[in-house]
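Reading through the structure tokens given below for one structure.
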Amino acid sequence: MDTDLNSQDRKDLDKFIKFFALKTVQVIVQARLGEKICTRSSSSPTGSDWFNLAIKDIPEVTHEAKKALAGQLPAVGRSMCVEISLKTSEGDSMELEIWCLEMNEKCDKEIKVSYTVYNRLSLLLKSLLAITRVTPAYRLSRKQGHEYVILYRIYFGEVQLSGLGEGFQTVRVGTVGTPLGTITLSCAYRINLAFISTRQFERTPPIMGIIIDHFVDRPYPSSSPMHPCNYRTSGEDNGAAYPSVEDSQEVCTTSFSTSPPSQLSSSRLSYQPAALGVGSADMGYPVIFAGGLNAAHPHQLIVPGKEGGVPPVPSQPAHGTQADHERMVMCTPLDGALYSAATPSSSEDTETVSNSSEGKSGSPHDLLETIFVRKVGAFVNKPINQVTMASLDIPFAMFAPKNVELEDNDPMVNPPDSPDVESPLQGSLHSEGSSGSSTGNTHDDFVMVDFKPAFSKDDILPMDLGTFYREFQNPPQLSSLSIDIGAQSMAEDLDSLPEKLAVHEKNVKEFDAFVETLQ
Amino acid sequence: MNCRAEVLEVSVEGRQIEEAMLAVLHTILLHRSTGKFHYKKEGTYSIGTVGTQDVDCDFIDFTYARVSSEELDRALRKAVGEFKDALRYSGSDGIGQISLEFYQKKKSRWPFSDECIPWEVWTIKVNVVNLANEQERQICREKVGEKLCEKIINIVEVMNRHEYLPKMPTQSEVDNVFDTGLKDVQPYLYKISYQITDSLGSSVTTTMRRLIKDTLAL
């Protein structure tokens, strides 16, 4: 049988089967991460996409798969299996699926290896992408979180289906004939989990057709960080995730420009691995090994909480499979796969960035705005050219209009451009605010007559929301809470106690009568 | 060569029509699309990369994977949107079917125009149901989701029979086999058409044949 296949074809076939097995594991595990997967199409051929499909390689998963294969390939009697199981927070576990990549003896000797087999393996991977979203475990995996997590285990050898319970069902993903045998990919899945899932694991379904998918990016990332006791290696990271999110917002704020949201998302995604500081320098995928198990223990792949649902990808692929590539001509950076994914949440990102920038950045900018507002308010009916900025010690004084009579120079109408380097969004917000506050009277003097912002003090000194916010951001402490006054009042109270007691003793009878009415 | 014909049937509520159709059509096209071909001088070619993305349905408990191509998605949404509108305006118990046909072009000599020879036709028969209350709608969400899972398994089973597929064309012939008009992926040449049956079902009172994808204008 082997002599019918020339050595080059044999080599190619072995390589195809090996990488097919690795990609199969990636597709299955990624489909059970609990998030939507998104990769980008590329019209230019790349050297890194096996089977012409953009399937990312999670290094830990590749490592586990290679460890399980141990240099062997699926063959007759030697199947590669990926077991997907569920583990509750109480520690109970249950096997959900077994995905099997098998080889049987039925050979197709006339098939062309480098062309037909390769294309059919590509088709089979597409089928796997479709089928992994269809088995019952998919919906369970999308809802994993505090109550349960999904684990995977890769093993090589004989298929073990006993853990699936009675009456499990099998779906065949597809087959590809090769000169060495027929590759079969199938899935055996537990069927009675549907009953369990509706009772225990599914959330309350929406009543009035609420589109639950609108929230899919929020609850899943926040709930996918597992139960704290499992989060050993990334426990600190989990704690650091929240300030790091703010940090990333700050960074995004300062680096934000008027570029389209896709660039904002990409900067956010590229920032995250550093911010989260997870074990692998390349990707935020801590693999938690459930303690106390033997070598063939299940692995839990956790995606740190984030929006967008796309795992960060290293700009430089750093795993062995890339080194094995000989097929294609060029390599393109894998971060090309990043950008399309975060689009659904990019508006969300923009929003959070804008909120953060409004709150955090640009206090000098607010000061500038404050001063100008006050000047306008203070000189409502006076010619503006009486105002001179030279006497004011303000930041960005160089951007202050030299001759204030020109409304073109007034930052309320035309905000200065240079602060855009730091907070351009603030600048744009500033301009929006000023246009609102000037009530559209851009050609007249700056008279804030009609506009009465909420919480504005009085007519004498009208102020805008920014000023109000700054002034009332740090209110003075309550006088009754200050120590001195508190001590004084305490002393006074103690002094007056005897007098009060005397009064109350006089009125004892009244108090007793009152108490009797209560009984 | 006989054209392979596959028929799928679904019963859905009105607001589920679009998502159910898109799920099925996208799954079929996922299998019937490749990366862009780049021909080299010596007659060989290299193939671009096809990305995929998951789509959650809003009105069905279902998620499907589709090709990452906005152009392709737009084309399908347009076709499905027209089908849905036709179906809904035909009557409250409308029955209709939408067909996805893969074809090859065969050059003919002048003055005859090129022939379109179908090699695979997928027909999805749709039965629109009306539901009375939210509880029924919730049950329908789940049931249609399960039904779509079965349909996806059916589609995958057909795809993996490895029956007839057009031969990989030379550079001069590629437009006879593939739709090369998209910038990121390359599906086989396809066209989508639909038919609406009225609620009586006895005769086709409205037959509308719209060729959404027609590379040849006659």
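Numbers restart at 1 for each chain; the letters A, B, ... are given by sequence-line order, proteins then strands.
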Q: Taking the side chain as every heavy atom from C-beta outward, state whether B:Ile47 and A:Phe51 have any pair of such atoms under 4.5 Å apart.
A: no
Q: Grab the two heavy atoms, one from A:Ala54 and one from B:Gly51, that are nearest each other, plus how far apart they are.
A: CB-CA, 3.8 Å
Q: Sort out for me which of B:Phe62, B:Tyr64, B:Phe37 touches chain A most, counting heavy-atom pairs under 4.5 Å.
A: B:Phe62
Q. Side chains of A:Lys126 and B:Val156: does their closest heavy-atom pair fall under 4.5 Å?
A. no
**Q.** Side-chain heavy-atom pair A:Val173, B:Asn160 within 4.5 angstrom cut-off
**A.** no
Q | Exceeds 12 heavy-atom contacts within 6.0 angstrom, atom CZ of B:Arg4 | A | yes
Q: Against chain A, label B:Val50 side chain, backbone, both or neither, depending on which of its atoms sit under 4.5 Å from a heavy atom there.
A: both
Q. Does the pair A:Arg142/B:Asp56 count as a salt bridge with the N-to-O cut at 4.0 Å?
A. yes
Q: Inspect the surroundings of CD in A:Glu110 and state if more than 12 heavy atoms from other residues, nucleotides or ligands are less than 6.0 Å away.
A: no
Q. Who wins among B:Gln186, B:Lys36, B:Arg161 for the most heavy-atom pairs under 4.5 Å with chain A?
A. B:Lys36
Q. Can a donor-acceptor pair be found between the side chains of A:Asn52 and B:Thr49 at a distance below 3.5 Å?
A. no
Q) Under a 4.5 Å heavy-atom cutoff, which of A:Ala31, A:Ser127, A:Gly174 has the most pairs with chain B? A) A:Ser127
Q) Quick one: ring-ring contact (aromatic ring centres under 6.0 Å, His included) partners of B:Phe83, sequence neighbours excluded? A) B:Tyr194
Q: Heavy atoms only, distances under 4.5 angstrom: which of B:Met159, B:Arg137, B:His31 has the most pairs with chain A? Name it, please.
A: B:His31
Q: With the side chain counted from C-beta on, respond yes when B:Thr63 and A:Arg139 share a heavy-atom pair under 4.5 Å apart, and no when they do not.
A: yes
Q: Count the heavy-atom pairs under 4.5 Å between each of A:Leu123, A:Val176, A:Leu129, A:Thr132 and chain B, then report the option with the highest count.
A: A:Leu123
Q.
I need the minimum non-hydrogen distance between B:Ser68 and A:Arg40, along with the two atoms involved.
A. CB-CA, 4.4 Å
Q: Please check if any side-chain donor atom of B:His38 sits under 3.5 Å from a side-chain acceptor atom of A:Ser44, or the reverse.
A: no
(Q) For B:Thr52, which atoms come within 4.5 Å of any heavy atom of chain A: side chain, backbone, both, or neither? (A) both
Q. In Å and rounded to the nearest 0.5 Å, what is the OG1 to NE2 distance from A:Thr175 to B:His162?
A. 5.0 Å
Q: Flag the one option from B:Lys183, B:Glu157, B:Met168, B:His26 with the top tally of heavy-atom pairs under 4.5 Å to chain A.
A: B:Met168
Q: Using the test salt bridge (charged side-chain N to carboxylate O under 4.0 Å, His left out), find all partners of B:Arg66 that sit at least two apart in sequence or belong to another chain.
A: B:Glu70, B:Asp73
